[in-house]
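Chain A is the first sequence line, chain B the second, and so forth, proteins listed ahead of strands; every chain is numbered from 1.
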Amino acid sequence: MANTIPLSPAELSYLHTSLSQTPPIRPDGRSPTQFRPLVAETDILPSANGSARICFADGTEAIVGVKAEVEKSSARPGATTDDIFKNSRDQDGDVDVDREESDKEGKGRDEWLEIAIEIPGMRDDDSLPVFLSAMLTEALLSDGGLKDRLWINSRFHWRLYIDILLLSQPRSYPLPLLSLTTHLALISTRIPALISEHDEDPLFNDDWEASTFLYPRSGELQARSKPPVTLLVVSIGEAVLFDPSRDELAVCDSAMAISVAQSAGAGLKVVALRMIDPPSRLTAGGVPQVLNSTSNPAATASLSPAEALVLREKDQGQTVWRPPRGGVRRAIISRIIKMVVENNGVGEEVIAGLAGVEA
Amino acid sequence: MQADRRRVNAPPGGTTPPVFATPSNTPIARPVRSRQPDEHRKIFLRTGFVPSASGSAYYEIPPETTSQSKTLLIPSSSSLKITCTVHGPRPLPRNAAFSPNLLLSTHVKFAPFATRSRKGYVRDSSERDLGMHLESALRGVVIGERWPKSGCEVVITVLEGEEDGWWGDAQGAEKSGGWGMMGVLAGCITVASAALMDAGIDCVDMVSGGVAALASDERGNGTRIVLDPSPSEHDIKAACVVGYLQSRDEITEMWMKGNAGVQTEALIDEAVKAAVMTRSVLGEAVKESVELKANHTDRNVKEKGSANDVTMTG
Amino acid sequence: MPREADPSTNEQAFLLSALRENIRLDGRALDAYRPISLSFGEDYGTADVRIGKTRVRATISADVVTPFVDRKFDGVFTISTELSPMASPAFEVGRQDQTEILLSRILEKTVRRSGALDTESLCIVAGQKCFHIRADIHVMDHDGNLVDASCLALIAALLHFRRPDVEIKGEEVTVFSVREREPVKLAMQHQPFCVTTSCYEEGTILLHDATLLEEQCREGDVLISMNKFGEICQIAKYGGAPMDGLSILTCTNTVLERVKIFDQLVKDRIAEDEKRRDVGGLIAELSAENDR
Amino acid sequence: MGPEIIHHPLVRADGSATYSSSLFSVTAAVNGPIEVQRRDELPEEAAIEVNIRPSSGVGGPRERWLESVVSGVLRSVLLVHMNPRTLIQITLQVTKEPSLKLRRSVKDIAALPSLLHASFLAVADGGLPLATTMSASLVAVAETGETVLEPSEKELAKSRSAHAFSFNTHGDLLLDESAGEFDSQMWESVCQLAAKACADTVQRGEDEAMGNGAAEKLPWLRLELEDRAREGSAWRETT
Amino acid sequence: MSNGVLTAPGLAFPRETFAKLTPGPFLHTHLKQTKPLRPNGRTPEEFRQPIVNTGSLSHSNGSTVVRVGDTAVVCGVRAEVLLASDIPNPPRDGMQDEELIEELGLLVPNLELSTGCSPANLPGNPPGTVAQSLSYRLLTLLHDSHIINPADLRIQYTEPPTEDDETGYAPRIVTKAYWTLYLDILCIAHDGNLFDAAWAAVMAALRNTVLPKAWWDPDREMIICSPLVSEATTLQLHSLPIASTFACFSTSSHLKQRKEAESWILADPDSFEEEICNDALTIVLARHQNAQTRILRLSKTDGSQVNAEAVQGCVALAEQKRAVWESILTGG
Amino acid sequence: MPLDTSTYSLAHLRVDGRRWNELRRVHGQISTQAAADGSSYFEMGNTKIICTIAGPQEQRRGGNSGQSHDAKVEVEIGIAGFSGVDRKRRGRNDKRIQEMQHAIASAFTHTLFTHLYPHSTITIHLHVLSQDGALLAACINAATLALIDAGIPMSDYTAACTTGSTASYASNDEAADPLLDLNSMEEQELPFLTLGTSGGDDQVSLLIMETRVQATRLEAMVSVGLDGCRQIRSLLDGIVRAHGKKVLEARVT
Amino acid sequence: MSGPIPLSLPGQILGPTSANAIGSGTHIHGTQLYSSVAGTLHSTPSTTKTVKQPTVSVQRPNGAGTLLPEVGTVVLGRITRTNPRQANLSILALGAQGEHVCRDGQGFPAIIRQQDIRATEIDKVVVAQSFRVGDIVRAVVISLGDERSYYLSTAKNELGVVMAVSEAGNAMFPVSWKEFQDGVSGAREARKVAKPV
């Protein structure tokens with residue numbers, strides 16, 4: 001993360017100790033699984049197929065616009081011709097393929113979905129935007145449903161552009177904000193109804209009322225047709241915190257982004273998970289009392305760098321702050337996964353919360 | 001018609017990769033996994049092939065020669081060739097601010113000829129993303145505070161990348177792809193780790209990469225978990241890469257894609273197994289180079305010898 | 001890296017106080033231009049313009065390309081303005097700065113957008129082949145008023161240029177080299193020129209053809225492009241000191257006068273040049289029909 | 001016809017010159033010694049930056065290569081150690097090229113002498129400290145095997161090999177770019193021919209038969225330098 | 001002496017340190033020995049032997065890894081199809097065949113240095129002057145040497161006689177497309193004299209470049225290729241030009257008398273030598289079967305120490321090297 | 001589809017039902033975003049802009065930029081991919097956008113009291129959410145509001161609008177009538193200019209025209225534009241006062 | 001050395017911290033001492049009474065002790081520019097005899113301030129008479145300095161210029177604590193000379 005942490009070693013170790021209590025004491029008094037309050041609205045842009053805006057209490061604000069355009073499907077370059085298409089493989093696919101979708105199943109392509117993230121003061125090939133869009137893309141693609149729904153006929157498909165604008169300088173890691181906004185925007189996204197048939201050039205009903213939702217709401221699909229959400233989780237000692245603030249990120253042992261989607265059984269499934277390099281690793285370590293040249297110059301003057309190192313090492317971040325080393329234990333990871341996916345766990349809570357927005 | 005003014009450009013007409021048609025009389029079969037589900041492909045790893053760099057390493061998973069590789073121009077099974085050089089610790093660039101720790105930066109680039117469809121010269125988002133993954137894998141390992149106000153670049157060139165799927169498979173590239181990338185990442189983690197050792201930068205452990213995948217079981221339906229999957233051999237549903245520290249049983253980097261459902265944790269455990277296997281190779285390679293250097297230096301003390309004759313083992 | 005040094009406070013004060021008495025440091029009248037010279041190169045399509053110490057050279061070149069998919073019936077016309085340290089050490093190689101962006105934008109609007117060059121006439125086979133006319137602006141010396149000079153050079157060069165002749169037989173397209181066939185002129189629809197007016201003292205003092213020093217001291221400027229028929233092709237007043245609407249309108253009149261002079265100048269020079277290289281009256285013909 | 005030299009055609013640049021041969025015409029501008037960017041700074045020398053701009057289009061690998069060749073020659077001519085930690089910036093604007101279509105390598109080689117002469121004259125005009133005077137010449141070998149000094153477009157187009165040479169006043173070989181097909185004897189003779197041609201441009205009263213235009217250069221340059229010196233000391237006499 | 005210690009009192013630095021602190025004198029002390037020996041243990045006119053390894057890249061039509069000492073380059077050849085109809089300004093019939101490749105730009109060599117191959121080359125940067133110059137030199141040399149027969153790159157099609165043209169006409173053969181060869185050269189490890197290595201890599205890669213059988217399919221209106229190895233053809237090269245590069249180390253300086261200066265010519269310089277040497281001389285020799293060797297390219301830049309005789313000497317050395325390398329490249 | 005320009009005459013209505021001298025609906029909000037030093041949301045018809053201000057703050061990537069001691073005004077325009085009819089992304093270094101940025105920056109450099117903030121930067125971020133004509137004008141108005149919200153002293157509002165002229169430049173008829181505040185469809189068909197005023201009594205601080213038009217028509221266009229700017233100015237003023245009122249009330253209670 | 005040297009790889013346990021004092025190339029995790037570099041394992045018995053455990057350290061095989069300048073490190077560098085207040089140099093090698101050579105081309109940027117050149121009569125020091133661009137200097141690191149340069153000092157006898165080239169371009173040798181002499185012309189030039197060791 002580009003922006004540097006404005007906290008002193010003392011502050012860092014204070015935060016760390018208070019957060020590693022059980023239960024952890026968060027600076028803003030939230031419970032470990034609690035999210036920060038936010039204001040949200042959808043369908044704010046006439047020119048887009050779907051849109052949403054979310055504003056966090058700390059003023060960070062994001063707008064997402066979804067636009068769908070018809071595009072001619074191109075034959076893959078370098079591909080082989082018909083002869084090979086014959087021995088296409090088993091059409092296994094997911095267990096729960098409903099009729100209406102089945103003919104499209106497996107026909108969608110990754111490149112039909114394009115996510116672009118703009119963050120003020122950053123070029124779009126800076127690491128943060130790239131990382132974020134990669135994370136959101138793989139979450140959306142992981143359930144084949146979405147891209148399959150983009151299939152129109154063998155010659156044409158929808159191209160879905162998701163443009164994500166962060167309107168404010170990234171105060172904290174903007175991932176949750178962007179993910180939630182995207183979720184809302186996609187839920188509200190509508191696609192014109194197709195009136196042409198089969199492989200002829202597609203014709204659409206220009207009546208907006210007739211348009212269908214990209215994530216169908218009617219019927220038994222209800223359960224499975226929700227875009228995924230990506231949550232940011234950090235671990236500090238034994239504690240696990242959701243939607244961490246910047247300060248909390250600055251002292252965490254590990255951070256990970258975990259994307260969940262609703263699966264048929266109304267339960268949640270993990271569709272993507274990746275660890276994030278926590279900014280805490282770049283923080284400055286504190287100076288142990290024994291090494292404090294101002295308090296006891298006599299002692300420190302004689303010390304060679306090697307000896308100083310030894311003393312630091314011995315301290316092991318007990319008395320003063322030391323940037324975390326190593327990674328995270330498997331036990332914690334599986335605990336996090338559980339907290340997210342379990343029935344009425346954090347994941348469901350969040351999705352339910354967002355569902356309320358459209359009302 | 002936007003020509004790159006820093007390179008020799010393609011003819012203005014623009015070119016397309018060849019399209020192949022297989023005569024129907026020559027059958028083409030998807031390569032089948034010959035090794036056990038929990039068996040890793042052979043890994044070749046060497047360090048110190050770029051003497052001018054602080055550290056360097058070369059990583060290779062040689063392709064398995066199938067019957068078709070002789071008859072067909074198109075490679076049926078995929079392989080992996082990765083080089084890595086480490087420069088540093090060295091002074092930070094002029095514009096950089098003071099940093100109390102080692103600023104480790106990673107850079108992953110595919111060679112234009114590394115994949116079936118030609119790669120561009122500038123890093124695309126997937127390559128940048130790979131770099132980020134690697135960064136989080138390595139930053140957890142190096143003891144940064146021992147290297148104040150200095151930087152360290154880890155540069156990786158992928159000469160040959162894992163396939164995303166089976167070329168003959170009409171849907172291969174269309175099903176949610178990027179499986180190859182995960183194999184590449186595992187390789188990057190291991191090779192970078194070796195190069196860091198070679199550079200002599202303090203690390204809490206030797207991090208090694210491992211992949212496992214949840215693939216549909218070729219024999220009958222259902223799924224099974226396989227180590228070190230070669231995407232061309234499997235129909236992958238979900239996969240997981242880890243950067244694993246064996247001695248502390250910790251994970252510095254994890255990347256999971258697809259829906260593993262209830263098997264999620266099993267998948268992670270398998271990936272860790274794979275990482276443990278690569279670690280042994282890593283250990284061997286590093287030991288070897290250490291011995292080599294040790295003898296070399298005290299030989300240098302005795303009779304002066306050119307620095308060139310013993311390196312270049314890769 | 002080395003940036004254009006700002007004039008000293010005294011220098012500025014001196015220049016301004018002189019202006020208040022309608023005196024310019026080089027003794028010109030406020031609306032007067034420095035001596036202008038226009039000359040052409042040996043081969044077609046290169047024009048060399050000097051306005052005082054400012055010197056700009058425009059070179060036109062043509063080659064055959066495939067047209068853009070969205071404009072099947074148009075040829076391609078691009079103007080490149082890359083400033084080099086030759087003009088002033090302040091210009092860095094390969095880094096486009098404010099001056100360059102504005103220069104290229106103004107030329108773009110004045111010449112391209114106003115349809116001075118008939119791009120449809122550059123089409124050879126719709127959607128397949130067309131000419132790509134490329135104009136390179138080389139600023140050799142920078143002593144202010146780059147825009148006017150560049151625009152003048154560009155128009156002159158375009159008028160002077162001749163593209164290779166083509167022949168279409170069904171599918172077959174033959175592009176003849178200069179040696180094989182007499183190349184043909186470009187189809188110009190009108191000749192716009194740009195005149196920059198610099199303003200001082202809250203827009204009360206207006207002057208033309210500012211030198212670099214005068215540019216550094218000015219409060220704002222208005223760039224107006226017109227052709228001799230009194231059509232405005234472009235106006236650009238980017239912020240700066242405000243001036244009242246009327247004085248802008250009056251500006252256009254003085255600009256028109258200046259544009260007519262430019263137009264005549266180019267015409268004469270072209271004529272001279274053609275006389276010089278005229279062979280068997282062929283070109284006389286061409287120019288004749290061009291006047292119609 | 002020999003080359004045509006316009007001295008000090010530009011106002012802004014510290015030194016400038018335009019050199020036109022029958023093939024190319026190049027305007028060179030020199031700024032320097034000027035402030036250098038920290039990353040290019042050399043502790044004990046002046047950095048030399050050459051920038052070549054084609055008459056139409058933007059520069060590419062070809063220009064970068066020509067630049068490195070030209071700067072290589074200039075470095076052995078300029079007394080770079082006299083202005084350490086500065087920059088000598090040379091911009092070369094090509095304004096005329098052969099109209100005939102030449103093989104790429106031939107065209108490049110043909111361009112070198114013009115580029116070198118133009119930049120050297122500009123550097124001299126800019127009053128930068130020089131270790132020696134240099135001159136360059138172009139030779140082509142026809143299919144028949146005969147050598148042609150300062151060949152025309154047509155001769156180049158038909159040549160079997162093309163050679164660009166540059167020598168300094170001591171007769172040291174500063175540059176040779178030869179391409180085509182030839183053997184070492186041929187190269188030997190071409191080299192001698194070129195050396196002679198370059199030498200002629202450095203002695204007064206050279207034979208006009210030579211017709212090598214660069215010949216007029218040195219006396220002109222010498223006079224020019226003398227003028228400069230006189231101007232420089234003029235104020236002494238007056239006071 | 002031999003381990004390069006200068007006659008400065010109280011100084012016994014390790015070789016490496018001396019090389020770093022005072023490279024010039026360090027090299028000088030080595031060369032001014034009665035039997036000049038370079039710090040890298042080679043004699044002045046000694047070349048490094050290449051190690052060539054071809055066909056290792058599965059996604060390339062042809063590939064090589066060439067190692068010369070500690071310089072290592074990888075070259076991959078990728079063939080793509082250029083449709084004749086896509087060429088905006090196709091060559092006129094008048095043009096002689098051998099210029100075709102240059103005219104159409106069918107060979108596209110690009111050398112990549114920002115691979116971390118040395119501390120000086122930062123990753124991610126676009127090609128700098130050095131890389132661009134090298135790429136361009138490779139390009140022009142490829143054109144000048146005429147090693148590839150343009151016919152091999154043509155994909156032709158025999159048009160069936162249409163009813164309207166009277167019978168007895170020979171069926172018209174048209175070139176529907178051309179093979180374009182992308183030669184990407186990655187420098188993996190950089191220890192001097194990149195050009196020789198890169199050129200050798202290109203040669204070796206082209207030698208084992210395999211082009212699939214390709215034909216025009218009038219129904220699909222596209223070029224179709226056969227994936228069968230049996231039907232593919234290997235590229236034939238007319239000759240095998242070899243490049244030899246020399247550097248010159250000289251004690252001359254503007255501060256000293258010219259006559260005081262001594263200089264040595266070093267064959268195949270490593271990067272340490274390239275740093276402190278001035279002149280650079282590259283000679284490219286080619287030998288057509290049972291003809292005598294000819295010079296394709298001779299370029300001498302960056303200095304004033306190498307005179308004509310010296311050049312002739314180098315040509316002789318280059319010929320020796322050419323013979324050796326040719327056998328290695330063809331053997332390998 | 002080309003508009004039938006004949007239908008334009010002072011009597012008739014425009015395609016969207018407006019009269020020739022009628023502005024589209026203008027709507028604006030102030031301090032919409034807590035995180036920014038100043039912010040605004042501004043609509044002209046279907047053109048929607050969000051503006052945020054950062055600064056005055058210390059100069060980024062330090063040092064010799066700006067030899068002058070006054071604050072430096074920087075503008076960053078981001079045009080959202082979904083803002084247009086069909087989706088397209090503009091690169092940061094699109095020259096048209098850079099030109100707009102320059103125009104806006106130099107317009108405000110003159111009205112803001114930059115001398116109060118030596119060696120500092122005032123950055124204006126403009127996010128274009130939806131465009132339907134008068135893009136530059138809308139940006140300027142949005143920036144004015146946001147700068148007021150940021151509390152940066154200025155000599156006066158800068159208000160901007162566009163004016164066009166009926167009958168495309170081809171025909172030379174004198175019967176051409178001026179039009180106020182064009183939408184994107186009209187902009188495609190008719191010559192138009194963007195006018196920005198500041199400092200009262202018709203002081204033109206910005207005037208940009210990119211289409212070819214007879215000089216004789218300019219006068220009419222400009223005078224209509226000046227009138228339009230007066231209207232805009234008062235609208236902006238209304239928005240500011242309303243907001244100020246709200247704030248004060250909030251204080252009281 | 002005789003016999004196979006015991007090797008150690010990062011992450012390898014070297015024993016409990018209670019029984020081993022930590023040395024270079026190692027780190028502590030929990031109660032155990034771990035290796036942190038790949039290299040040769042050395043255990044040196046304690047010298048002082050206070051600590052009884054042996055110090056365990058892992059040394060990098062290529063003999064490089066430190067890779068970075070630390071406070072107290074003696075370094076060798078070349079002067080790149082001088083002004084009346086300070087001399088800039090780039091550190092090329094670490095260690096009194098430059099045991100570890102910096103791979104990187106330009107080396108670590110460093111500064112010797114006027115007051116750090118000499119131990120005595122600090123106020124009288126003239127930078128131009130102590131260093132010239134191109135001199136090779138032996139100095140000690142006194143602070144990590146600012147974000148750019150390390151701060152060095154030559155305020156010791158054995159520190160200062162060790163190699164220099166005269167204005168005539170010839171190698172020189174030290175003749176006094178403040179002068180070098182041109183080997184050819186015999187001309188003398190002022191320097192802060194390092195006492196030959």
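Classification of Asp16(F) and Arg24(F) as a salt-bridged pair fails, no side-chain N sitting under 4.0 Å from a carboxylate O. Salt-bridge check for Lys95(F) with Glu99(F): failed, with every basic side-chain N at 4.0 Å or more from each acidic carboxylate O. For Lys67(A) and Glu69(A), the salt-bridge test fails: no basic side-chain N is under 4.0 Å from an acidic carboxylate O.
For Ser39(F), no part lies near chain A; criterion is any non-hydrogen pair under 4.5 Å. For Leu165(A), the part lying under 4.5 angstrom from a heavy atom of chain F is the side chain only. For Thr60(A), the part lying near chain F is the backbone, with the side chain staying farther off; criterion is any non-hydrogen pair under 4.5 Å.
Relative to the ring axis of Phe156(A), Lys72(A) places its NZ or CZ within 45° and under 6.0 Å from the centre.
Ring geometry for Phe204(A) versus Trp158(A): interplanar angle of 30 to 60°, hence tilted. Aromatic ring orientation, His127(F) versus His125(F): parallel (interplanar angle below 30°, classes split at 30° and 60°).
In this structure, the separation between CD on Glu74(F) and CD1 on Ile122(F) is 10.5 Å, given to the nearest 0.5 Å.
Considering only heavy-atom pairs separated by less than 4.5 Å from chain A, the leading option among Asn46(F), Thr52(F), Thr32(F), Asp86(F) is Asp86(F).
When the heavy atoms of residues 128-146 of chain F are compared with those of chain A, the residues falling under 4.5 Å are Leu129(F), Ser130(F), listed by number.
Counting only residues at least two apart or on different chains, no salt bridge (Lys or Arg N to Asp or Glu O under 4.0 Å) pair has a member in residues 178-187 of chain A.
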